[in-house]
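What follows is a set of notes on a single structure, which appears directly below.
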Amino acid sequence: MPSGVVLLTDRWQARRPLTEVVAAAVAGGVRWVVLREKDLSREARAALAAELRAILADAGGRLVVAGPDPLDGDAVHLPAAGPYPPPAAGLVGRSCHDAAELARLTTEDYVTLSPVFPTRTKPGYGPPLHPAGLRELIAASRVPVLALGGIETPEQVRECVEAGAAGVAVLGAIMRADDPTEVAATLTAAAVPEAVTPVITSPSLRAGVPTPPTVSRKRQ
């Protein structure tokens, strides 16, 4: 299931060839990519999908294709408008924006909720949910949620994860980056839940009795 930082492609905003940007993001920890580029012909888009799958395969990642045609793959991401019911595929995601759209879900595996923040990619798109609105919709969703829209900083990533998102979907922050690897690594680190480490408390140290240690959980 998509989690962590999920990269949405847009070659028009990329500062380098799209395959180079995706490879750089993968080097920074991205393992999920959603191929958009819907203005391309099916042949060109399928060829691009094959290139991106090869890049992701080396890192154990997976490509999702925006639209109902998986382009010889097994994962699709559908718009809120349809089709309903979704086509059969190994993994199906859908874009949602409110409770009414969430209520229409049938066999989808995950959704994106957007926009969470004002976005430079789609100026004026909204109104933004903000973390409080995101949290409310996540509570109403029966499938895992990716937060989408205007997410550019580690702080924003953490806010989305704290609201209950399984991960964040990012476009401009990585596509427009001078160093996609560095940005991807920074955002990916923020998307990982707070580390939990064991703290050993030995009763024998307190009472002089050779009993086995107990383990409590402490958040760092």
Side-chain angles (χ1 to χ4, degrees), residues 1-40 45 48-49 51-66 75 77 93 95 110-126 128-131 134-135 138 144-195 220:
M1 200 65 62
S3 61
V5 173
V6 179
L7 176 61
L8 278 62
T9 72
D10 187 336
R11 72 190 190 284
W12 299 112
Q13 297 198 48
R15 295 193 175 185
R16 290 151 55 181
L18 185 60
T19 53
E20 291 185 18
V21 175
V22 171
V26 169
V30 168
R31 295 296 178 265
W32 291 87
V33 175
V34 178
L35 173 62
R36 297 167 72 245
E37 318 311 321
K38 294 183 180 181
D39 57 316
L40 293 175
R45 202 163 173 245
L48 180 55
E51 290 185 73
L52 298 184
R53 286 192 186 101
I55 293 170
L56 285 159
D58 290 339
R62 190 171 183 182
L63 183 73
V64 181
V65 177
H77 186 91
S95 298
Y110 76 92
V111 297
T112 58
L113 283 172
S114 64
V116 179
F117 301 102
T119 169
R120 288 190 289 164
T121 301
K122 293 183 177 180
Y125 179 56
L129 297 169
H130 298 294
L134 174 65
R135 185 185 298 275
I138 288 175
V145 169
L146 299 176
L148 168 64
I151 299 170
E152 299 187 352
T153 68
E155 292 73 22
Q156 289 174 317
V157 173
R158 282 191 285 269
E159 285 184 281
C160 293
V161 173
E162 289 169 1
V168 296
V170 174
L171 192 155
I174 293 177
M175 286 288 120
R176 294 190 292 261
D178 291 326
D179 187 341
T181 298
E182 180 180 3
V183 173
T186 300
L187 297 181
T188 297
V192 176
E194 210 175 15
Q220 294 182 325

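The first residue in the sequence is number 1, and the count goes up from there.
- Annotation: side-chain contact (heavy atoms from CB on, under 4.5 Å) contacts of Leu134 (sequence neighbours excluded): Leu113, Val116, Ile138, Val145, Ala147, Cys160, Ala163.
- Residue Pro131 forms a side-chain contact (heavy atoms from CB on, under 4.5 Å) with just one option from Gln156, Glu159, Arg158, Glu162, and that option is Glu159.
- Put simply, the side chain of Trp32 does not reach to within 4.5 Å of the side chain of Leu146, judged on heavy atoms.
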Could you tabulate the donor-acceptor pairs under 3.5 Å formed by side-chain atoms of residues 15-28, not counting sequence neighbours?
from  : atom 1 : to     : atom 2 : distance (Å)
Arg15 : NE     : Arg176 : O      : 2.7
Arg15 : NH1    : Asp178 : OD1    : 2.4

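- One N or O on the side chain of Thr9 and one on the backbone of Arg36 form a donor-acceptor pair closer than 3.5 Å.
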Please report, to 0.1 Å, the donor-acceptor pairs under 3.5 Å made by any side chain of residues 55-66, with sequence neighbours excluded.
from  : atom 1 : to    : atom 2 : distance (Å)
Arg62 : NH2    : Asp74 : OD1    : 3.2
Arg62 : NH2    : Asp74 : OD2    : 3.2

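- Between the CD1 atom of Ile151 and the OG1 atom of Thr119 there is a distance of 9.5 Å, given to the nearest 0.5 Å.
- Proximity of Pro154 to Leu187: side-chain heavy atoms (C-beta onward) are separated by under 4.5 Å at one or more points.
- The two atoms that bring Gln13 and Gly172 nearest to each other are OE1-CA, 4.5 Å, heavy atoms only.
- By the salt bridge (charged side-chain N to carboxylate O under 4.0 Å, His left out) test, Glu37 is found to be paired with Arg11, residues two or more places apart in sequence or in another chain being considered.
- Shortest non-hydrogen contact noted between Ser114 and Leu148 is CB-O, 3.2 Å.
- Ring-plane geometry between Tyr110 and His77 is classed as tilted, the angle between the planes lying from 30 to 60 degrees on a 0 to 90 degree scale.
- Two residues are said to be in side-chain contact when any heavy atoms from C-beta on lie closer than 4.5 Å; Thr112 and Val34 fail this criterion.
- Among residues two or more places apart in sequence or in another chain, the salt bridge (charged side-chain N to carboxylate O under 4.0 Å, His left out) test is passed with Glu51 by none.
- Going from atom CD1 of Ile174 over to atom CG of Leu7 covers 5.0 Å, rounded to the nearest 0.5 Å.
- Partners of Arg45 according to the salt bridge (charged side-chain N to carboxylate O under 4.0 Å, His left out) rule, which considers only residues two or more places apart in sequence or in another chain, do not exist here.
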